[in-house]
Amino acid sequence: MAELTDSMSETRQDDDLLRIGPLALRSRVLVGTSRYPSPQVMLDALDASGAELVTVSIRRVNLADTEGESLLGLLCERGYHLLPNTAGCYTAREAVLTAQLAREALGTDLVKLEVIGDDETLYPDVEQLLKATKQLVDDGFHVLAYANDDPITCRKLADLGCVAVMPLAAPIGSGMGLVNPYTLRIIRELLPDTPLIVDAGIGTASDAARAMELGYDGVLLNTAISGAEHPALMAAAVRHAVEGGRLAFRAGRIPRRLYAKASSPTDGRIDVG
């Protein structure tokens with residue numbers, strides 16, 4: 001058993017990297033950095049999650065403060081890859097400007113693009129999202145686009161050149177899990193070569209495992225961890241769920257059947273008359 005565990009670990013690390021733009025990541029867990037009870041709780045949770053790429057809201061941090069006990073300082077000190085996001089932007093113009101500020105301050109072309117339509121649902125404004133995506137890709141950004149679970153929108157984002165497309169599982173912060181796994185499955189089948197990351201709506205570890213079993217390349221979550229009673233424990237649970245879900249997807253599940261099928265062969269049964 002120990003040899004099998006070691007073999008699986010080597011497989012995850014050596015031939016199953018998550019490639020997003022210029023990055024090759026061992027971890028398929030991406031974690032947000034907001035609403036933790038304290039900076040130390042956040043750091044403990046990030047460590048437990050195994051995440052290498054963490055996202056920060058550019059409109060809510062001081063970009064000039066990347067040292068000491070500031071949020072950016074703590075993350076940089078521990079060697080995390082930073083994924084600036086455009087949370088709080090409602091137009092393409094706002095989002096593009098925010099991404100450009102992040103690139104200038106942090107020296108990264110990576111951006112998690114969010115363009116929100118309203119304050120109630122926090123659903124993406126598709127028109128503004130596609131407009132911002134084109135402008136940022138043309139400007140040399142590696143765009144990870146937060147989208148609704150619409151196969152057509154996701155295909156358009158991939159066609160525009162996003163390095164990852166990130167359909168929601170449920171509304172942001174709702175914890176409802178995968179409310180429409182069928183459309184997520186369609187998106188996966190429609191975009192077999194595009195990195196897909198489930199973003200928003202994950203509530204617990206089993207939601208993350210289910211997303212991975214559908215063939216998604218990773219999950220991004222924040223509230224499920226930061227809002228948990230014990231954030232570090234939830235982060236560890238999600239880490240194992242993502243790893244297990246990925247292994248299950250790669251293993252290939254058996255088909256679902258309406259009727260039973262005996263697992264033991266029927267040939268050679270004893271005839272008792």
Side-chain angles (χ1 to χ4, degrees), residues 19-23 30 32-34 53-61 63 81-174 179-180 183-184 186-201 216-222:
R19 301 185 185 278
I20 298 178
L23 300 180
L30 288 67
T33 53
S34 65
L53 183 61
V54 299
T55 183
V56 293
S57 175
I58 295 307
R59 295 171 67 97
R60 301 186 180 117
V61 298
L63 293 176
H81 296 291
L82 298 182
L83 176 61
N85 69 60
T86 63
C89 293
Y90 290 82
T91 67
R93 183 166 179 252
E94 281 182 291
V96 169
L97 176 59
T98 301
Q100 290 171 338
L101 290 172
R103 177 164 66 180
E104 182 177 347
L106 302 178
T108 179
D109 291 324
L110 287 168
V111 62
K112 180 193 172 190
L113 178 61
E114 298 182 32
V115 188
I116 302 303
D118 62 46
D119 291 326
E120 287 73 35
T121 67
L122 298 180
Y123 266 57
D125 182 319
V126 173
E127 179 184 5
Q128 295 295 310
L129 174 64
L130 293 172
K131 182 178 178 181
T133 297
K134 185 177 188 316
Q135 292 179 24
L136 289 171
V137 170
D138 289 346
D139 195 22
F141 281 88
H142 300 293
V143 177
L144 296 82
Y146 166 65
N148 49 20
D149 57 344
D150 168 30
I152 305 306
T153 298
C154 290
R155 183 173 62 187
K156 289 181 177 180
L157 289 167
D159 290 344
L160 285 171
C162 289
V163 297
V165 177
M166 309 173 72
L168 56 84
I172 292 174
S174 68
V179 296
N180 199 339
T183 56
L184 291 177
I186 290 171
I187 293 167
R188 177 72 285 175
E189 293 184 0
L190 190 65
L191 302 172
D193 300 319
T194 300
L196 294 177
I197 298 170
V198 167
D199 180 13
Y216 275 69
D217 297 288
V219 298
L220 192 155
L221 68 166
N222 189 141

Val126 vs Asn148, test: side-chain contact (heavy atoms from CB on, under 4.5 Å). Steps then yes/no.
CA-CA 8 Å; Val126 173; Asn148 49 20; 3.6 Å; yes
Under the rule for side-chain contact (heavy atoms from CB on, under 4.5 Å), what residues qualify as partners of [X], not counting sequence neighbours?
X	value
Asp119	Tyr90
Glu127	Asp125
Leu82	Val54, Leu72, Leu75, Cys76, Leu106

How long is the straight-line distance from CD1 of Ile20 back to CG of Asp217, given to the nearest 0.5 Å?
8.0 Å
Can you tell me how far CG of Leu97 sits from OG1 of Thr86, rounded to the nearest 0.5 angstrom?
11.0 Å
Could you tell me which non-hydrogen atom of [X] sits nearest to which non-hydrogen atom of [Y], and how far apart they are?
X	Y	result
Tyr216	Val198	CD2-CG2, 3.5 Å
Ser174	Ala170	OG-CB, 3.5 Å
Thr183	Asn180	OG1-O, 3.0 Å

Of all residues at least two apart in sequence or in a different chain, which pass the salt bridge (Lys or Arg N to Asp or Glu O under 4.0 Å) check with Asp109?
Arg103
Residues which pass salt bridge (Lys or Arg N to Asp or Glu O under 4.0 Å) with Lys131, listed by chain and number, not counting sequence neighbours
none
Derivation of the side-chain contact (heavy atoms from CB on, under 4.5 Å) call for Gln135 and Phe141:
CA-CA 9 Å; Gln135 292 179 24; Phe141 281 88; over 6 Å; no
Main-chain N/O of [Y] paired to [X] side chain as donor or acceptor, under 3.5 Å:
X	Y	result
Thr91	Glu94	yes
Thr133	Leu129	yes
Thr153	Asp150	no

Tell me which donor-acceptor pairs under 3.5 Å the side chains of residues 189-196 have, and how far apart each pair is, sequence neighbours excluded?
from, atom 1, to, atom 2, distance (Å)
Glu189, OE2, Arg185, NE, 3.3

Please table the atom pairs, donor to acceptor, closer than 3.5 Å between any side-chain atom in residues 110-117 and protein atoms at least two apart or in another chain.
from, atom 1, to, atom 2, distance (Å)
Lys112, NZ, Glu114, OE2, 3.0
Lys112, NZ, Asp199, OD2, 3.0

For residues 154-169, please give each side-chain donor-acceptor pair under 3.5 Å, one per line with the distance, not counting sequence neighbours.
none

How would you list, by chain and number, every residue that makes a side-chain hydrogen bond (donor to acceptor under 3.5 Å, both in side chains) with Thr55, sequence neighbours excluded?
Asn85
Under the side-chain hydrogen bond (donor to acceptor under 3.5 Å, both in side chains) rule, collect the residues that match up with Thr108, sequence neighbours excluded.
none
With heavy-atom distances below 4.5 Å as the criterion, would you say the side chains of His81 and Leu23 are in contact?
yes
